[in-house]
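This report refers to the structure that appears directly beneath it.
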Amino acid sequence: MPPNALVSILHRLVLLRALTITAYVAAILFAVFVFEWGLPLLSLGLVCLLLMAYNLFSLLRLRLARRHGYAITAGEIARQLAMDILGHGLWLFFIGGASNPFTALFLLPLVIAAATLPARFVWPLTALTLATYSALLVWYLPLPLSEESLAQAFFLHTLGMWLAFVAAALIVAGLVTRIGQQLRSQERALAESREAGLRQQQVLGLALQAAGAAHRLGTPLATMTVLVDELRAERQDDAQLAADLELLQQQLQACRTELGRLRADGEQPAPQPADLALLALMDDWRVVRPAARTEVQILGTAPPTVVWPFALRQALLNLLDNAADASPDWQRIALDWSAAQLKITISDRGPGFDGKVSVGAGEGLGMGVALAVSAIERCGGRVRWQTPAEGGTAVEICLPREVHP
């Protein structure tokens with residue numbers, strides 16, 4: 001079980017024990033002042049004081065776990081529950097033993113143990129409960145009932161059974177259900193962590209392939225650049241061809257620039273204001289997407305200084321490519337920021353997309369989206385896909401103001 005879950009369980013056990021001690025004291029006062037029973041107050045008070053001392057120790061242990069990271073184990077939770085079983089048995093010993101209707105509360109520690117602990121702790125706690133309950137059948141102090149109280153004994157026993165049932169039902173519904181929800185939440189978090197690890201492995205494999213491709217593409221791009229230069233020199237009189245060759249040379253230069261950035265991925269990029277970083281990104285993108293019609297909106301004032309690593313820039317370019325593919329006639333990228341984060345929203349008027357991709361054989365794998373989301377998550381950001389009322393897709397990227405490559 002995750003350590004955080006055990007800390008939360010100990011916290012709830014401390015609260016439950018405090019409520020139990022309060023109920024003990026209230027029951028003793030009610031019996032003495034309302035029914036005028038001659039209870040062994042010294043012994044009952046000692047039991048309550050011992051439980052209070054143990055609860056204070058548990059509270060100190062809880063603070064050490066939270067502030068200094070001292071781990072809490074399942075065995076320690078089992079010992080806490082064992083102390084509750086023994087404490088409840090000792091309290092019942094002085095007020096009627098097994099005939100007391102509040103013996104039903106013995107089941108609460110077992111329910112908590114079954115919901116939170118491995119079987120190797122549940123069965124010993126079950127044996128302890130059975131032994132304690134069985135001992136109370138033989139050894140106990142009977143309630144000091146007067147002759148007048150004997151006439152009401154059956155009613156009091158029935159009332160006590162009702163109170164015990166109500167208390168057990170409320171505790172099970174409130175405490176045990178909350179513990180179960182937290183355990184399920186921890187399991188979901190672990191599953192998401194495993195999925196993220198698998199996704200990172202896939203991304204690492206693709207990154208290695210991309211690095212190899214970048215190395216192999218350098219020579220063909222250099223050859224094509226030389227050929228384009230020679231063609232431009234030979235066909236200077238053909239204006240249309242010269243314009244096409246000029247565009248082709250720009251595209252080749254953009255490819256060589258991106259390959260250079262890919263090879264220099266480990267280098268620290270220079271810091272710059274967020275709005276200038278976005279405009280520089282758009283300038284690079286328009287080189288390879290000259291026909292794209294993209295609106296750029298800078299919504300904030302006094303932009304923060306940012307450092308966008310190559311992986312993050314490439315992720316944003318991939319998302320822009322997806323928007324241009326889905327909606328060639330219109331795209332929009334908006335930049336906004338707050339004291340804690342940057343928000344970039346890329347919108348299009350395409351058929352819509354929820355961000356889910358399937359990794360497998362076939363076309364349209366969406367690997368660009370998967371790589372983009374992974375790169376953004378590695379930078380401490382998150383991606384959320386939206387479907388605006390007017391149609392299309394809006395992908396919202398939230399990034400910390402300080403991105404660590």
Original post:
Between Leu245 and Gln249, does a side chain to side chain contact (heavy atoms under 4.5 Å, CB included) hold up when you go through it step by step?
Top reply: CA-CA 6 Å; Leu245 291 174; Gln249 187 180 45; over 6 Å; no

Subject >> Stepwise side chain to side chain contact (heavy atoms under 4.5 Å, CB included) check, Val383 with Glu377 >> reply: CA-CA 8 Å; Val383 181; Glu377 290 177 349; 5.8 Å; no

Subject >> Verdict with reasoning, Val47 to Phe94, per side chain to side chain contact (heavy atoms under 4.5 Å, CB included) >> reply: CA-CA 10 Å; Val47 172; Phe94 294 105; 4.0 Å; yes

Original post:
Step by step, would you call Asp321 with Arg289 a salt bridge (Lys or Arg N to Asp or Glu O under 4.0 Å)?
Top reply: CA-CA 8 Å; Asp321 285 337; Arg289 291 276 188 167; 3.3 Å; yes

**OP:** Could you check Arg61 against Glu76 for salt bridge (Lys or Arg N to Asp or Glu O under 4.0 Å), going step by step and ending with a plain yes or no?
**Re:** CA-CA 10 Å; Arg61 179 69 182 85; Glu76 188 169 353; 2.9 Å; yes

Original post:
Between Leu29 and Tyr24, does a side chain to side chain contact (heavy atoms under 4.5 Å, CB included) hold up when you go through it step by step?
Top reply: CA-CA 9 Å; Leu29 295 177; Tyr24 287 169; over 6 Å; no

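Taking CG of Leu130 as the reference point, atom CG of Leu110 lies at 7.5 Å (rounded to 0.5 Å). Rounded to the nearest 0.5 Å, atoms CG (Leu141) and OG (Ser43) are 7.5 Å apart. With rounding to the nearest 0.5 Å, the separation of CD1 in Ile298 from CG in Leu279 is 5.0 Å. The line from CG of Leu248 to CG of Leu231 is 9.0 Å long, rounded to the nearest 0.5 Å. Put simply, CG on Leu227 and CE on Met224 are 9.0 Å apart, with the number rounded to the nearest 0.5 Å. Taking CG of Leu342 as the start and CG of Leu399 as the end, the distance is 6.0 Å to the nearest 0.5 Å.
Looking at Arg384 and Val395, their side chains never come closer than 4.5 Å, going by heavy atoms from C-beta outward. Using a 4.5 Å cut-off on side-chain heavy atoms (C-beta onward), Ser347 and Pro388 make no contact. The side-chain heavy atoms of Thr387 and Thr393, taken from C-beta on, include no pair separated by under 4.5 Å. Side-chain contact check for Leu16 versus Ile112: some heavy-atom pair is nearer than 4.5 Å. Put simply, the side chain of Ile28 does not reach to within 4.5 Å of the side chain of Ile95, judged on heavy atoms. Side chains of Val369 and Asn318 form no contact here, defined as non-hydrogen atoms less than 4.5 Å apart. Counting heavy atoms from C-beta on, the side chains of Leu319 and Ile376 come closer than 4.5 Å.
Dense packing is recorded around CZ of Arg286, with more than 12 heavy atoms of other residues, nucleotides or ligands lying under 6.0 Å away. Around the CG atom of Leu60, the shell of radius 6.0 Å holds more than 12 heavy atoms that belong to other residues, nucleotides or ligands. Sparse packing is recorded around OH of Tyr140, with 12 or fewer heavy atoms of other residues, nucleotides or ligands lying under 6.0 Å away.
Thr294 pairs by the side-chain contact (heavy atoms from CB on, under 4.5 Å) definition with Met282, Trp285, Ala292, Gln331, Ile333, not counting sequence neighbours. Glu295 pairs by the side chain to side chain donor-acceptor pair (under 3.5 Å) definition with Trp330, not counting sequence neighbours. Partners of Asp244 by side chain to side chain donor-acceptor pair (under 3.5 Å), not counting sequence neighbours: none found. Applying the side-chain contact (heavy atoms from CB on, under 4.5 Å) rule to Gln341 yields the partners Ser338, Cys398; only residues at least two apart in sequence or on another chain are considered. Annotation: salt bridge (Lys or Arg N to Asp or Glu O under 4.0 Å) contacts of Asp348 (sequence neighbours excluded): none. A search for salt bridge (Lys or Arg N to Asp or Glu O under 4.0 Å) contacts involving Arg382 returns nothing, not counting sequence neighbours. For Ala74, the side-chain contact (heavy atoms from CB on, under 4.5 Å) criterion is met by Leu117, Pro118, Phe121, not counting sequence neighbours. In this view, Arg232 and Glu246 satisfy the salt bridge (Lys or Arg N to Asp or Glu O under 4.0 Å) rule, not counting sequence neighbours. Residues forming a salt bridge (Lys or Arg N to Asp or Glu O under 4.0 Å) with Asp336 (at least two apart in sequence, or on another chain): none. The ring-ring contact (aromatic ring centres under 6.0 Å, His included) check on Phe106 picks up His88, with sequence neighbours excluded.
Remark: of the listed residues Thr103, Leu92, Ile85, Ile85 is the sole one forming a side-chain contact (heavy atoms from CB on, under 4.5 Å) with Thr132. Only one option out of Ile346, Val373, Thr345, Leu335 pairs with Ile397 in a side-chain contact (heavy atoms from CB on, under 4.5 Å); it is Ile346.
For the residue pair Pro400 and Cys379, the shortest heavy atom distance occurs at CG-O, 3.6 Å.
Ser58 and Gln80 share a donor-acceptor pair across their side chains, judged by distance under 3.5 Å alone.
Listed by first and then second residue, the side-chain hydrogen bond (donor to acceptor under 3.5 Å, both in side chains) pairs that reach into residues 120-129 come to none, sequence neighbours excluded. Annotation: salt bridge (Lys or Arg N to Asp or Glu O under 4.0 Å) contacts involving residues 81-91, sequence neighbours excluded, comprise Arg17-Asp84.
Taking the six-membered ring where the residue is Trp, Trp91 and Phe102 present perpendicular rings, their angle passing 60° and hence far from 30°.
Side chain of Ser99 to main chain of Gly96: a donor-acceptor pair is present (N/O by atom type, distance under 3.5 Å, no hydrogens or angles).
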